[in-house]
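These notes concern the structure reproduced below.
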Amino acid sequence: MARKKSWRDMSKGQRISVVASGVVNMALLVAAQRSIAKTPDANIRGRKGLWRAASFINFFGPVSYFLFGRRRDSALVGGTPAKR
């Protein structure tokens, strides 16, 4: 069985990519959590609690919330109509 690479075994480029992917993941998580908190219940598909939990799934949770969890109707439910 192959030994796992430790931080010291990685090249500089690999270390940078690990750190960069972590920063992107955290930024998506924070953005999704803020959006869930500020968006009215009527403008979210499903329950907020489920989307909050799903957003903690690395990368795919926040991206799925932004793609599928928010309503993008021309007239927002419980909000102001979108300006054109």
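Along the sequence shown, residues carry numbers from 1.
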Treating Ile, Leu, Val, Met, Phe, Trp and Tyr as nodes and any side-chain heavy-atom pair under 4.5 angstrom as an edge, say whether Leu29 and Val19 lie in one connected cluster. no
Just to verify, what does Phe60 make a side chain to side chain contact (heavy atoms under 4.5 Å, CB included) with, not counting sequence neighbours? none
Arg34 CZ to Thr39 OG1 distance, which is reported to the nearest 0.5 Å: 11.0 Å
Within-4.5 Å side-chain heavy-atom neighbours: Arg52 and Tyr65: no
Specify the closest pair of heavy atoms between Ser55 and Ala32, including all atoms of both residues, with the distance to one decimal. CB-CB, 4.1 Å
Spacing of Arg15 atom CZ and Asp9 atom CG [to the nearest 0.5 Å]: 9.0 Å
If you count the non-hydrogen atoms of other residues, nucleotides and ligands that lie under 6.0 Å from CE in Met10, is the total more than 12? yes
Are any non-hydrogen side-chain atoms of Ser21 and Phe59 less than 4.5 angstrom apart? no
Of all heavy-atom pairs between Ser64 and Gly61, which one has the smallest distance, and what is that distance? OG-O, 2.8 Å
Heavy atoms only: give me the nearest Lys48-Pro40 pair and the separation to one decimal. CE-C, 4.3 Å
Starting from Leu28, can I reach Val23 by hopping between I/L/V/M/F/W/Y residues whose side chains sit under 4.5 Å apart? no
To the nearest 0.5 Å, what is the distance between NZ on Lys5 and OG on Ser11? 6.5 Å
Is Gln14 close to Val18 at the side-chain level, that is, under 4.5 Å between some pair of heavy atoms? no
Between the main-chain N or O of Phe68 and the side-chain N or O of Arg45, is there a donor-acceptor pair closer than 3.5 Å? yes
CZ of Arg72 to CG of Asn43: how many Å apart, nearest 0.5 Å? 11.5 Å
